[in-house]
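Here's the structure we're looking at; comments come further down.
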Amino acid sequence: MRPPHIILLSLIVPLCLAGFSSPATSDSILNKQHARKIFGMTKFQWNKSVMELTEKGAVESTVNTSGTYVMQLRYTNDAYLYVTPKYSSDQDLPDNIAVTLAMPPSMALMFDRADIQKIATKTQEGMLPEFGVSMTHQSVTGGVALFFVIVAH
């Protein structure tokens with residue numbers, strides 16, 4: 001029998017990274033379907049999509065220094081998700097997609113370095129062969145932030 005925190009790993013990534021096309025579903029942003037969709041959007045299309053979701057109250061958003069909207073979701077467990085495609089120009093498709101999952105201290109206590117590496121490996125394997133995923137992590141204010149970067153092959 002797998003320990004509870006390992007079972008939680010298999011649930012956390014899909015649940016906490018939910019929300020691109022329908023924030024009410026438990027679809028994962030780190031799946032091929034959503035990555036294809038985002039990689040097919042110009043900056044204008046992405047910004048428009050995030051603005052529409054913000055107006056519906058499904059997500060919150062901010063605009064970064066390059067004028068790209070950052071989609072933000074806050075979950076009932078106080079975890080936060082941030083999704084930002086990186087564009088070279090307004091007309092181009094994204095070079096990569098940055099996804100950050102910030103887990104509060106109550107969730108972060110359940111994960112050690114080995115667990116975090118398992119999240120990275122599982123995510124990377126799930127996106128192959130179409131996409132590559134790198135991940136780093138950092139302790140922040142007692143919690144843990146996982147930083148994913150998705151690239152199209």
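Residues L109 and V140 do not share a hydrophobic cluster, clusters being chains of Ile/Leu/Val/Met/Phe/Trp/Tyr side chains in contact below 4.5 Å. Under a hydrophobic clustering in which Ile, Leu, Val, Met, Phe, Trp and Tyr are joined whenever their side-chain heavy atoms come within less than 4.5 Å, directly or via other members, V151 and V83 fall into different clusters. The same ILVMFWY cluster, assembled from side-chain heavy atoms under 4.5 Å apart, contains both V63 and L73.
Shown here for P94 and I38, the closest heavy-atom pair between the two residues is CG-O, 3.4 Å. Of all the heavy atoms in M127 and A35, the pair that sits closest is CE-CB, 3.7 Å. Of all non-hydrogen atoms in A102 and Y82, the two that sit nearest each other are CB-CE1, 4.4 Å. Nearest heavy atoms, Y87 versus K43: CE2-N, 3.4 Å. Counting all heavy atoms, side chain and backbone alike, L146 lies closest to I116 at CD2-CG2, 3.8 Å. In terms of heavy atoms, F39 sits closest to A152 at CZ-N, 3.7 Å.
Contacts of S61 classified as side chain to side chain contact (heavy atoms under 4.5 Å, CB included), with partners at least two apart in sequence or in another chain: V50, T54, Y69. With sequence neighbours excluded, the residues satisfying side chain to side chain contact (heavy atoms under 4.5 Å, CB included) with T136 are F147. Partners of S89 under the side chain to side chain contact (heavy atoms under 4.5 Å, CB included) rule, at least two apart in sequence or in another chain, are Q91, D92. Taking the side chain to side chain donor-acceptor pair (under 3.5 Å) definition, one finds that S134 meets it with nothing, sequence neighbours left out. Residues satisfying the side chain to side chain contact (heavy atoms under 4.5 Å, CB included) test with A98, not counting sequence neighbours, are K86.
Taken from CD1 in I150 to NZ in K32, the straight-line distance is 12.5 Å, to the nearest 0.5 Å. Remark: N77 CG to M103 CE distance equals 10.0 Å, nearest 0.5 Å. Taking OH of Y80 as the reference point, atom CZ of R74 lies at 3.5 Å (rounded to 0.5 Å). The CD atom of Q72 lies 8.5 Å from the OG1 atom of T84; values are rounded to the nearest 0.5 Å. Rounded to the nearest 0.5 Å, atoms NZ (K48) and OG1 (T42) are 10.0 Å apart. A distance of 12.0 Å separates NZ in K37 from CD1 in I97, rounded to the nearest 0.5 Å.
Q45 and S49 share no donor-acceptor pair across their side chains, judged by distance under 3.5 Å alone.
Side chains of V144 and F111 form no contact here, defined as non-hydrogen atoms less than 4.5 Å apart. For the pair L53 and M71, the minimum side-chain heavy-atom distance is below 4.5 Å.
D115 contributes a side-chain N or O that, together with a main-chain N or O of D112, makes up a donor-acceptor pair within less than 3.5 Å. T68 contributes no side-chain N or O that, together with a main-chain N or O of N64, makes up a donor-acceptor pair within less than 3.5 Å.
Sorted by first and then second residue, the side-chain hydrogen bond (donor to acceptor under 3.5 Å, both in side chains) pairs involving residues 138-151 (not counting sequence neighbours) form an empty list.
Just one of Q117, Q124, K118, E125 meets the side-chain hydrogen bond (donor to acceptor under 3.5 Å, both in side chains) condition when paired with T121; it is Q117.
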